[in-house]
Amino acid sequence: MTDKTLIRYGKKVTTQIREKNGVKYIVFPDIEKLGFVDHLFSTRIGGVSKGDYATMNLSYTRGDDKECVDENYRRIAEVLGHGKTLDDFVCTFQTHTTNIRVVTEGDRGKGPARVRDYTDIDGLITNVPGIILGTFHADCPPIYIVDPVKRAIGLVHSGWKGTQGEIGKKAIEKMSATYGTEPCDCVCAIGPSICGECYEIGEDVALEFAKAYTEKELEDNKILVPYPNNKYRLYLWNAIKLSLLKAGVPDKNIIVTDICTKCNPELLFSHRVHGEKRGNLMAFLTIND
Ligand SMILES: [Zn+2]
């Protein structure tokens, strides 16, 4: 895998691929320049897992060896720097809900270091510096949410069900209720995930998804495009962007990934390419100590 073989989506380059201690990861320079947060999206490169999980698998529940996953988290912690350890991560318990957890100091380590004492949580928000929020991915988009004014953050898993349920908007609303966040201050990034050209769905899912939108919304925003044989292409990134705009986030503050997981299966795990025999990627977001 060289950067030359990376396939980027669209004309606007919004991400950079970096490498530290052999670990390759993806960042959004526009999030980075906000200064008070650290973030990354993991790739398959630079971990110790073997076989279908090779090499940077960050899921404990897909059959990989715990020791390997622990070491992979340690390597991610080193990339994030500031003396981070496994005790600083807090992870979702994803079941395609729109439930958001307010993460507090008492949650520190829930994921790699301690048992998560919650289920059905697809989004996390916090204002506690040093806690690393983490969500799991292999085609479904992450949404990074940063409020530089109230110094609060959110990170959500937004697959088609979460997107339809507007989990990104719900996270911002919860940040408003909890931290006084104004949506117009938020900077959001839709992370590496499946692009619209790759995301072919059947009529059943298309009809179900379409229920949440008017016909005009679907057409004007290129969310659902019919395809031969009763197939559709679902442009999740466009649907998420519409939902963030509706939440009150300014257009200029919404950054969309230019990297598709399915287009780049050597660099990234893709459910559509690898099926169940794969590891998980993760999105991470933390407020600097
Ligand atoms: Zn693609």
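Just follow the structure's listing: the first ligand is 1, and inside any ligand the first atom is 1. For reference, positions follow the sequence shown, starting with 1.
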Asks: Regarding E173 and K170, does a basic nitrogen lie under 4.0 Å from an acidic carboxylate oxygen?
Replies: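 Salt bridge absent between E173 and K170.
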Asks: Just one of D107, D122, D120 clears the side-chain hydrogen bond (donor to acceptor under 3.5 Å, both in side chains) bar with R101, so which one?
Replies: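 The side-chain hydrogen bond (donor to acceptor under 3.5 Å, both in side chains) with R101 is passed solely by D107 among D107, D122, D120.
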Asks: Between T181 and D147, is a side-chain hydrogen bond (donor to acceptor under 3.5 Å, both in side chains) present by the stated rule, with each step listed?
Replies: CA-CA 7 Å; T181 291; D147 172 2; 2.7 Å; yes
Asks: Only counting residues at least two apart or in another chain, list the ones meeting ring-ring contact (aromatic ring centres under 6.0 Å, His included) with F89.
Replies: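 F89 satisfies ring-ring contact (aromatic ring centres under 6.0 Å, His included) with Y73, F284 only.
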Asks: Tell me, which protein N/O/S atoms are under 2.8 Å away from the Zn ion (ligand 1)?
Replies: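 Protein N, O or S atoms closer than 2.8 Å to the Zn ion (ligand 1): C195 SG, C198 SG, C260 SG, C263 SG.
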Asks: Which pairs count as ring pair (Phe, Tyr, Trp, His ring centres under 6.0 Å) when at least one residue sits in residues 223-266, sequence neighbours excluded?
Replies: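 Ring pair (Phe, Tyr, Trp, His ring centres under 6.0 Å) check on residues 223-266 returns Y9-W237.
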Asks: Check residues 123-140 and write down every donor-acceptor pair under 3.5 Å in which the side-chain atom is one partner and the other belongs to a residue at least two apart or another chain.
Replies:
| unit_1 | atom_1 | unit_2 | atom_2 | d |
| --- | --- | --- | --- | --- |
| T126 | OG1 | V103 | O | 2.7 |
| T126 | OG1 | V128 | N | 3.1 |
| T135 | OG1 | H137 | NE2 | 2.7 |
| H137 | ND1 | C140 | O | 2.9 |
| D139 | OD1 | T261 | OG1 | 2.7 |
| D139 | OD1 | S270 | OG | 2.9 |
| D139 | OD2 | S270 | OG | 3.2 |
| D139 | OD2 | H271 | N | 3.0 |
| D139 | OD2 | R272 | N | 2.8 |

